[in-house]
Amino acid sequence: EESRRLAALQDPLTGLPNRALIMDHLRLALARNRRRPSNVGVLFVDLDRFKVVNDSLGHQAGDLVLVTTGERLRVALRPPDTIGRLGGDEFVAVCEDIGGEADALAVAERLAASLEAPMRVAGRDVRIRASIGVALSASQHSDPAVLLAEADGAMFWAKRSGSGVALFQERMRGGTEGVQPPKSPGAHGLRHRPRLPGRSRDDGRRGERGVPRRGDERLARGLSAVH
């Protein structure tokens, strides 16, 4: 009975908390945060061009990349923080007692840095990058689904702008139409998900409307050339 209960809360590939458990962690964190003058941070991590790894090296290699990514992200976090896998190449970190935006962005940069070293997969060195969206909840926030959606929207803009890390800003809620990515690649600001015609969940990996990007082709060539 206990093993079945644990299996229902764990991602079978990485052993990390799955969506149900990470949302439970987030609900509890938000409840505790009501009594604290700090923030809960949600960091939405999405691997860039992961589909190219699967297509070039096979799904077994892709699974190894996901397992390695999960372990690196877990080690990069503080012990009280939680990292889980939502599915596919999407991971979510829940961080309590975050002092403010600078602290949350520092955590995001640390997660990104943990993925910089190449992974040895199928006899080749594979370099993986991620786009990370950051959302902060002050004490008045109580809806975990809203906070996760904000982090997801920030991640999309981080991916679209190429900045790597993006912070959701409340003042931009509802202003999704016509919002432009930052001119500076390193700038942090709101990256709220716009309503793009025909956008699917895979568009962030293949460009708008699923059109493969030039970077995908370069990565594919790089994978075939690295031994």
Side-chain angles (χ1 to χ4, degrees), residues 1-36 38-48 50 53-54 59-98 103-115 119 128-137 141-156 158-159 165-168 201-202 204-205:
E1 181 65 29
E2 179 66 12
S3 61
R4 287 198 298 270
R5 187 186 71 83
L6 290 175
L9 298 174
Q10 281 186 334
D11 173 56
L13 178 63
T14 63
L16 296 174
N18 62 12
R19 177 184 287 270
L21 186 53
I22 201 70
M23 292 303 289
D24 188 52
H25 278 298
L26 181 52
R27 277 189 289 272
L28 292 174
L30 290 170
R32 287 190 291 266
N33 192 60
R34 296 190 190 104
R35 301 185 295 272
R36 299 171 180 171
S38 59
N39 300 279
V40 174
V42 174
L43 290 80
F44 199 112
V45 182
D46 184 278
L47 301 187
D48 295 339
F50 176 70
V53 176
N54 271 337
H59 290 280
Q60 186 173 2
D63 286 349
L64 179 57
V65 167
L66 292 174
V67 171
T68 304
T69 296
E71 179 60 17
R72 289 188 181 185
L73 295 176
R74 185 189 66 78
V75 171
L77 288 173
R78 303 169 302 177
D81 299 333
T82 303
I83 185 74
R85 180 177 175 233
L86 294 187
D89 60 350
E90 297 175 340
F91 298 81
V92 168
V94 176
C95 305
E96 297 187 57
D97 294 326
I98 295 292
D103 290 342
L105 289 171
V107 175
E109 296 289 358
R110 191 163 68 245
L111 293 183
S114 73
L115 302 178
M119 302 178 187
I128 293 294
R129 294 185 59 187
S131 297
I132 303 176
V134 181
L136 281 178
S137 171
H141 246 306
S142 61
D143 191 335
V146 170
L147 196 57
L148 181 63
E150 291 174 352
D152 184 17
M155 179 280 298
F156 173 70
K159 186 178 293 289
V165 174
L167 177 69
F168 182 90
R201 286 298 300 172
D202 192 50
R205 301 167 189 78

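Any value given below was found using the heavy atoms of this structure, including those in side chains, with hydrogens, waters and symmetry copies removed. Numbering of residues begins at 1 and proceeds along the displayed sequence.
Other residues, nucleotides and ligands contribute only 12 or fewer heavy atoms inside 6.0 Å of the CZ atom of Arg19.
Partners of Arg74 by side-chain hydrogen bond (donor to acceptor under 3.5 Å, both in side chains), not counting sequence neighbours, listed by chain and number: Glu71. Applying the side-chain hydrogen bond (donor to acceptor under 3.5 Å, both in side chains) rule to Asn18 yields no partners; only residues at least two apart in sequence or on another chain are considered. Residues satisfying the salt bridge (Lys or Arg N to Asp or Glu O under 4.0 Å) test with Arg32, not counting sequence neighbours, are Glu96. Residues meeting the side-chain hydrogen bond (donor to acceptor under 3.5 Å, both in side chains) test with Thr68, sequence neighbours left out: none. Checked against side-chain hydrogen bond (donor to acceptor under 3.5 Å, both in side chains), Ser131 has the following partners two or more places apart in sequence or in another chain: Asp48.
Asp46 CG to Asp89 CG: the interatomic distance, rounded to the nearest 0.5 Å, is 4.5 Å. Interatomic distance, Leu86 CG to Phe44 CZ, rounded to the nearest 0.5 Å: 5.0 Å. From Met119, atom CE reaches atom CZ of Arg72 across 4.5 Å, with rounding to the nearest 0.5 Å. Taking OG1 of Thr14 as the start and CG of Leu66 as the end, the distance is 8.0 Å to the nearest 0.5 Å. Atoms CG and CD, on Asp143 and Glu150 in that order, are 9.0 Å from each other to the nearest 0.5 Å. Between the CG atom in Leu47 and the CD1 atom in Ile128 there is a gap of 6.0 Å [rounded to 0.5 Å].
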- Leu111/Phe91 under side-chain contact (heavy atoms from CB on, under 4.5 Å): CA gap, chis, key distance, verdict: CA-CA 11 Å; Leu111 293 183; Phe91 298 81; over 6 Å; no
- Query: Going through the checks in order, is the side-chain contact (heavy atoms from CB on, under 4.5 Å) test met by Cys95 and Leu77?
  - Reply: CA-CA 8 Å; Cys95 305; Leu77 288 173; 4.0 Å; yes
Distance-only donor-acceptor pairs under 3.5 Å for side chains of residues 23-31, two or more places apart:
none

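Ala20 and Leu9 make their closest contact through CB-CD2, 4.4 Å (heavy atoms, listed as atom of the first residue, atom of the second, distance). When all heavy atoms are compared, the tightest approach of Ile132 to Ala112 is CD1-N, 3.8 Å. Pairing each heavy atom of Val65 with each of Val53, the nearest pair is CG2-CG1, 4.1 Å. Among all heavy-atom pairs drawn from Ala151 and Ala135, the shortest one is N-CB, 3.6 Å. Annotation for Val134 and Ala104: closest pair CG1-CB, 3.7 Å, computed over non-hydrogen atoms.
For the pair Val107/Arg78, no side-chain contact is recorded, criterion being any heavy-atom separation below 4.5 Å from C-beta on. Within the 4.5 Å cutoff, no side-chain heavy atoms of Ser38 are placed close to those of Ile98. A 4.5 Å side-chain heavy-atom check between Ser137 and Val42 finds every atom pair outside the cut-off. For the pair Leu148/Ile22, no side-chain contact is recorded, criterion being any heavy-atom separation below 4.5 Å from C-beta on.
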